[in-house]
Amino acid sequence: MNELTIKYNGLTAEEFILLWETVWGEGPSYEQTELALRHTLFRVSVYDKGKVVAMARMIGDMGLDYYIKDVVVRPEYQKRGIGRLLINELLKFIRENGVSGTDIFVELCAEPDKIPFYEKFGFDANEAQRLKMMCHVD
């Protein structure tokens, strides 16, 4: 990983969409992405010789709850420790910015095949069910 560069809060909407599409298919609109990134608490991205190869972002209230929203590593860069680096950077941000002496709830949603990865950091499942819907904006 010596050739990789880490950047904080510098990921652009174009880079976000590009990464999204390498893993999840058609990405969100530029306008949605730009707005989301402006309101993200913290984001970290990884570059290989100037090309974005991974990113993670976190939303939340800075006091009681942080939510790891997106963790994306280009398929050809997976299994190299980059995902671990991203999660460690997010947890470092929480530890440096959370209220000293308190416990802070950190949440995420993971596909079943990714759960063992997150369990290595101490995440565990509870009985709550994730509910979702898409709300169309006219």
Side-chain angles (χ1 to χ4, degrees):
M1 288 203 316
N2 294 348
E3 70 279 357
L4 299 180
T5 304
I6 300 170
K7 292 184 183 177
Y8 304 104
N9 299 317
L11 183 77
T12 67
E14 293 90 350
E15 291 170 328
F16 179 96
I17 294 166
L18 176 69
L19 278 175
W20 177 295
E21 291 176 346
T22 66
V23 176
W24 296 317
E26 185 178 348
S29 75
Y30 177 87
E31 185 177 20
Q32 282 179 300
T33 304
E34 177 65 29
L35 184 61
L37 293 179
R38 260 197 322 260
H39 293 280
T40 295
L41 288 178
F42 180 68
R43 60 190 187 271
V44 59
S45 45
V46 179
Y47 297 80
D48 183 4
K49 300 178 184 89
K51 177 179 102 174
V52 67
V53 298
M55 71 91 183
R57 74 183 187 105
M58 190 162 44
I59 58 178
D61 60 22
M62 296 284 293
L64 299 173
D65 190 49
Y66 288 84
Y67 191 89
I68 297 172
K69 182 62 183 111
D70 300 300
V71 178
V72 183
V73 179
R74 290 178 72 93
E76 65 270 27
Y77 284 82
Q78 293 178 7
K79 307 288 187 209
R80 296 186 188 185
I82 296 172
R84 176 175 297 282
L85 177 136
L86 292 170
I87 297 299
N88 283 331
E89 290 292 331
L90 296 178
L91 295 175
K92 177 181 168 190
F93 177 86
I94 294 168
R95 289 184 181 109
E96 291 177 351
N97 292 281
V99 176
S100 182
T102 66
D103 292 323
I104 300 170
F105 201 61
V106 182
E107 300 176 271
L108 59 79
C109 182
E111 293 292 329
D113 65 320
K114 302 298 184 196
I115 291 173
F117 169 77
Y118 292 108
E119 287 176 334
K120 294 175 187 175
F121 294 93
F123 287 93
D124 60 357
N126 61 23
E127 295 77 34
Q129 293 291 314
R130 178 176 180 234
L131 305 175
K132 66 176 187 147
M133 67 174 275
M134 296 300 284
C135 179
H136 182 76
V137 180
D138 292 321

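Just so we're clear, the structure is a prediction, and the values are computed from it rather than from any experiment. Throughout, residue positions are numbered sequentially from 1 according to the sequence presented.
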* For R43, what residues pass the side-chain hydrogen bond (donor to acceptor under 3.5 Å, both in side chains) criterion, not counting sequence neighbours? ->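 Expected list: none.
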Can you confirm whether [X] sits close enough to [Y] that some side-chain heavy atom of one is under 4.5 Å from a side-chain heavy atom of the other?
X: M58; Y: I94; result: yes
X: I59; Y: H39; result: no
X: V71; Y: Y118; result: yes
X: F121; Y: L90; result: no
X: V106; Y: F123; result: yes
X: V99; Y: I104; result: no
X: E34; Y: F16; result: no

* Is it the case that R74 places NZ or CZ above or below the six-membered ring of Y77, under 6.0 angstrom from the centre and within 45 degrees of the axis? ->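 Because its charged atom misses either the 6.0 Å distance or the 45° angle limit, R74 does not stack over Y77.
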* Does V73 offer a backbone N or O that forms a donor-acceptor pair with the side chain of Q78 under 3.5 Å? ->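 Yes.
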* Verify, without hydrogens or angle tests, whether E21 (side chain) and G27 (backbone) share a donor-acceptor contact under 3.5 angstrom. =>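 Judged by distance alone, yes, a pair lies under 3.5 Å.
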* **Reference residue V52; test side-chain contact (heavy atoms from CB on, under 4.5 Å); the match among L19, T5, V46, T22** =>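 Option passing the side-chain contact (heavy atoms from CB on, under 4.5 Å) with V52: L19.
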* Over all atoms of both residues, closest heavy-atom pair of E15 and Y47 ->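 Here E15 and Y47 meet closest at OE1-OH, 2.9 Å.
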